[in-house]
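Residue numbering restarts at 1 for every chain, and letters A, B, ... go by the order of the sequence lines. The structure displayed is predicted, hence computed values, not measured ones.
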Number of protein chains: 2
Amino acid sequence: MDESIFSDPAFPADQPSPGQSRYGWLAASLRARITQGEWVPGTALPAEAALAKEHGVALGTLRQALALLVAQGLLVRQHGRGTFVREGLGGASMLRFFRFATEDGAPGTPQSHILGRQLRLASADEADGLGLPAGASVLQLQRLRSLQGQPCLLEHIVLPLPLFEALAQSDLAAWDDLLYPMYQRVCGATIHRAEDSLGFGLLTAEQASLLRLDAGHPCAQVDRRAFDLAGRCVELRTTLGDAFAFRYTAHVR
Amino acid sequence: MDESIFSDPAFPADQPSPGQSRYGWLAASLRARITQGEWVPGTALPAEAALAKEHGVALGTLRQALALLVAQGLLVRQHGRGTFVREGLGGASMLRFFRFATEDGAPGTPQSHILGRQLRLASADEADGLGLPAGASVLQLQRLRSLQGQPCLLEHIVLPLPLFEALAQSDLAAWDDLLYPMYQRVCGATIHRAEDSLGFGLLTAEQASLLRLDAGHPCAQVDRRAFDLAGRCVELRTTLGDAFAFRYTAHVR
């Protein structure tokens, strides 16, 4: 029998290990039920009393475990309504880094146009970033996003297989403007959080042409690593946009 | 008798107002003792039992109030040592936005050179930002920061008077490389947190010359508002640096 399964967080032990608190063990069990899809993002957890009984713990222990998962961002409490699995990143989260001038002030959701889609081998860095074995295959997308018909963001996206297999074949015309809700619906992959590394560069002639800017125009570059509910990196994305439209607020303590 | 003093958070009432929790009222009282300088940043609070007795509350109520102030970032707990007033921003916090190439890899603290210092009237925006009456005076600083002799950041700083009066006269040769510890030591002003708005622009000929770059070179611009323990904005700062040295990581949920 393979012992390693017991150290996999997807298969928590049926009782606390030595030194582990009871509520910490319970939180790991609840986390596993969420990441395995028993409760999908947006759904409510069962009533606290029922859940405590099911796991054979006191109500206080259950509440401590839930508080831990709230603090970790996996659950949200809605006052008077219950405890819910937090929705993934759903909106146009790249727009938090840019302020594009639009006629009516409210940019809304950019229109998405997939310029390219190909299956290829992952580079060493990509395999490393996505936790894939060397020589694994990935799906690469290039897409252009526009606001009111004006191109504003150029993106290069790398997705691991077989998780995103369904996107390799599906009709591009039926794709949504937002990818993350589609990742969830079509591939069962919830983007839970992202790490964005911001920098500045200059556009190549080809990039500039797609964004209707001059070659060598300054651009802001966002290198994103996006993670699913289980903490796995499931998307690498590079986004380029006009540097003069870049604006971001950071809070420093 | 002036009633308004009772709504000033610096003078909390001597008992909870209707609808206010006892620990919320106690937290406001403790906050006032900190912002009024009774316990300066870095010092330990008295033992919990003594503090509860002094305020005439139960130990549990005191602990709830302390937990609230920890959550608000005013206090920090050090395991086994006690509860401390959090230190202000002390290090070279602007360097979190830039990665300057240095010979040994570790940038250290930039050397500071004050290029200009003048007393003048605040603009309307500055008075608004600093909570000053129209026509109030401010102290303006221009400084250049260098790493290993290489200029890297050009800063324009506006400080309210009379809080920073002492800096208007003091010998510039005796100034520290870091301003925030000096603000605290010389003026009693602790910078507790900051809001940094990041953007992009091009250097003027004069700015570029000071930074030893070409006129029109791309720059990252950080517009900072820095706040003291009481939540007042006490510094407006604009920092310019080479856009190609800009690098910042944001976490998105």
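- For B:P181, the side chain to side chain contact (heavy atoms under 4.5 Å, CB included) criterion is met by B:L178, not counting sequence neighbours.
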Determine whether B:F97 and A:L198 satisfy the following criterion, side chain to side chain contact (heavy atoms under 4.5 Å, CB included), listing intermediate values before the conclusion. CA-CA 9 Å; B:F97 298 121; A:L198 312 175; over 6 Å; no
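- For chain B, the option among A:G73, A:A194, A:G199 with the highest count of heavy-atom pairs below 4.5 Å is A:A194.
- Taking the six-membered ring where the residue is Trp, B:F200 and A:F200 present tilted rings, their angle falling between 30° and 60°.
- Between chain A and the residues B:V222, B:I191, B:L89, the largest count of heavy-atom pairs under 4.5 Å involves B:L89.
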Could you list each donor and acceptor atom pair linking chain A to chain B at less than 3.5 Å?
from: A:A194; atom 1: N; to: B:V252; atom 2: O; distance (Å): 2.8
from: A:A194; atom 1: O; to: B:V252; atom 2: N; distance (Å): 2.8
from: A:D196; atom 1: N; to: B:A250; atom 2: O; distance (Å): 2.7
from: A:D196; atom 1: O; to: B:A250; atom 2: N; distance (Å): 2.7
from: A:S197; atom 1: OG; to: B:R247; atom 2: NH1; distance (Å): 2.6
from: A:L198; atom 1: N; to: B:Y248; atom 2: O; distance (Å): 2.5
from: A:L198; atom 1: O; to: B:Y248; atom 2: N; distance (Å): 3.0
from: A:R247; atom 1: NH1; to: B:S197; atom 2: OG; distance (Å): 2.6
from: A:Y248; atom 1: N; to: B:L198; atom 2: O; distance (Å): 3.0
from: A:Y248; atom 1: O; to: B:L198; atom 2: N; distance (Å): 2.5
from: A:A250; atom 1: N; to: B:D196; atom 2: O; distance (Å): 2.6
from: A:A250; atom 1: O; to: B:D196; atom 2: N; distance (Å): 2.7
from: A:V252; atom 1: N; to: B:A194; atom 2: O; distance (Å): 2.8
from: A:V252; atom 1: O; to: B:A194; atom 2: N; distance (Å): 2.8

